[in-house]
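Order of the sequence lines sets the chain letters (A, B, ...), proteins ahead of strands, with each chain counted from 1.
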Number of protein chains: 2
Amino acid sequence: METTDNDKRKCPNHLSTGECTKQLLPVKDALDILSGKWKLQIILSLTFGKKRFKQIQREITGLTPKMLSKELKELEINELASRKVYDTSPVTVEYELTTYGKTLKPLIMELHKWGTKHRKRIIARGGRD
Amino acid sequence: METTDNDKRKCPNHLSTGECTKQLLPVKDALDILSGKWKLQIILSLTFGKKRFKQIQREITGLTPKMLSKELKELEINELASRKVYDTSPVTVEYELTTYGKTLKPLIMELHKWGTKHRKRIIARGGRD
DNA sequence: TATACTGCTTTCCTAGAGTATACCGATATC
DNA sequence: GATATCGGTATACTCTAGGAAAGCAGTATA
C-alpha cells in the first residue's frame with residue numbers, strides 16, 4: 001500500500017503521499033479528542049486553576065449545562081480533567097486538569113496567541129464576513 | 001456587566017470571571033475558523049508545500065471531494081489558503097498556504113507534537129476507550 | 001409557601017457536518 | 001469505443017453536535 005507508483009509522484013519536499021498521510025495520523029488523533037466548539041475553551045479555562053461547574057459555565061459565553069456536562073465527561077474519560085465531589089451543603093464539584101491535561105498547555109497557548117492576532121485582524125477589517 | 005459581586009468571587013489566580021471570559025475570546029475566534037474534522041489536517045498537508053486537489057484528497061484518508069471542496073473554499077475566504085487555476089489540458093488547480101496561513105505553523109506543530117505523544121499513549125493501552 | 005442557588009440530567013428538537021454515489025467536460029491513453 | 005485522470009458539482013441521505021427548556025434533590029433565605 002505504500003511506495004507504489006502513485007506514491008512518489010507528486011508530494012514536494014521529499015514526502016510521498018504515504019508519508020504525508022502518516023504525518024496526518026497524530027493530528028487526526030488529537031483532533032478526535034479536542035475538536036468541537038467547547039473542549040479547548042474549557043481546557044483553557046481550567047489552565048487558570050481548578051474550577052466549579054457553574055464557574056466554568058459563567059466564564060464561557062453561550063455554554064449550556066448540558067454541553068458542559070457532556071464535554072467534562074469526555075475530558076474525564078480521556079484523562080485530561082479530573083472531577084472531585086465534596087460532600088458539602090448543596091454539594092461542591094471541582095474540576096481540574098490532570099497532569100496529562102496540563103501537557104496541552106503549549107498547544108492552548110499557541111492557539112491563544114494565534115487567536116489574539118487573528119482577532120485583531122478581523123476587528124481591523126470591521127467584523128467578520 | 002463586569003466587576004459585579006459575582007465577578008470577583010471565585011476565579012483563582014487573580015482572574016475574575018470577566019477576565020477569564022476575555023481570555024477565552026481569542027480562542028473562540030480561532031476555533032470558529034479552525035474547528036471541524038478536516039481543516040487542520042488540510043492545513044498540515046499544505047504546510048509541506050503547494051498541492052493539487054486530488055493530491056490532498058489522496059493524502060487525507062476518508063476525505064470526500066465534497067468536503068474538501070467546501071473546506072478549501074472556507075480556507076480561501078479566511079485568507080489562509082490560495083487557489084490558482086492553470087489553463088492546462090484537463091485543468092490544473094493548485095492550493096497553497098497564504099502568508100497568513102503560514103502563521104498557523106507553530107500551532108499545527110504543537111498539535112502534531114501533542115498528537116504524537118497522545119497516539120503513543122493510546123496505542124500503549126491497546127486502543128482507545 | 002415561595003423563590004433562588006447548586007450541579008447536574010432528561011427530553012425534544014434542528015441545523016449543518018459529514019457520507020455515498022454518481023456525474024460533468026476535457027483530454028489522453030489503450 | 002472503453003477507460004482513466006482532473007477538479008470538481010448534484011443529490012440524497014445519516015448522524016450527531018449543539019440549543020432550549022424543564023426538572024430534581026438539597027439548602028438557604030424570606
Counting side-chain heavy atoms from C-beta on, which of [options] comes nearest to [X]?
X: B:Lys66; options: D:dC6, C:dA20, C:dC8; answer: C:dA20
X: B:Phe53; options: D:dG19, D:dG7, C:dT6; answer: D:dG7
X: A:Lys70; options: D:dA17, D:dG8, D:dG19; answer: D:dA17
X: B:Met67; options: C:dT19, C:dG7, D:dA17; answer: C:dT19
X: A:Lys73; options: D:dC6, C:dT9, C:dG18; answer: C:dT9
X: A:Lys37; options: D:dG8, C:dG7, D:dG19; answer: D:dG19

Taking 4.0 Å as the cut-off, does a side-chain nitrogen or oxygen of [X] come that near to OP1 or OP2 on [N]?
X: A:Arg58; N: C:dT6; result: yes
X: B:Tyr95; N: D:dG8; result: yes
X: B:Ser69; N: D:dT9; result: yes
X: B:Arg52; N: D:dG8; result: no

Return the value, rounded to whole Å, for the distance between atom [atom1] of [X] and atom [atom2] of [N].
X: A:Glu94; N: C:dT6; atom1: CD; atom2: P; result: 15 Å
X: B:Leu31; N: D:dA17; atom1: CG; atom2: C1'; result: 14 Å
X: B:Leu63; N: C:dT19; atom1: CG; atom2: C1'; result: 11 Å
X: A:Asp87; N: D:dG26; atom1: CG; atom2: C1'; result: 11 Å
X: A:Glu71; N: C:dG7; atom1: CD; atom2: P; result: 18 Å
X: B:Lys28; N: D:dG18; atom1: NZ; atom2: C1'; result: 13 Å
X: A:Gln57; N: D:dA21; atom1: CD; atom2: C1'; result: 13 Å
X: A:Asp32; N: D:dT16; atom1: CG; atom2: P; result: 13 Å

Within the structure provided, determine whether [X] and [Y] are in side-chain contact (heavy-atom separation under 4.5 Å).
X: A:Leu24; Y: B:Thr61; value: no
X: A:Met67; Y: A:Lys37; value: no
X: B:Lys113; Y: B:Met109; value: no

5' precedence on DNA chain C between A:Thr92 and B:Gly62 (nearest-nucleotide basis): A:Thr92
First encountered from the 5' end of DNA chain C, between B:Pro65 and A:Leu72: A:Leu72
Result of checking A:Lys51, A:Lys54, A:Gln41 against A:Glu59 for side-chain hydrogen bond (donor to acceptor under 3.5 Å, both in side chains): A:Lys51
Sugar-phosphate, base or nothing in reach of B:Tyr86, heavy atoms under 4.0 Å: nothing
Touch class at under 4.0 angstrom, heavy-atom based, for B:Lys39 against every strand present: nothing
B:Lys84/B:Glu94 under salt bridge (charged side-chain N to carboxylate O under 4.0 Å, His left out): CA gap, chis, key distance, verdict: CA-CA 5 Å; B:Lys84 268 176 213 157; B:Glu94 274 183 355; over 6 Å; no
Plane angle bin for A:Phe53 and A:Tyr95 - parallel if under 30°, tilted between 30 and 60°, otherwise perpendicular: tilted
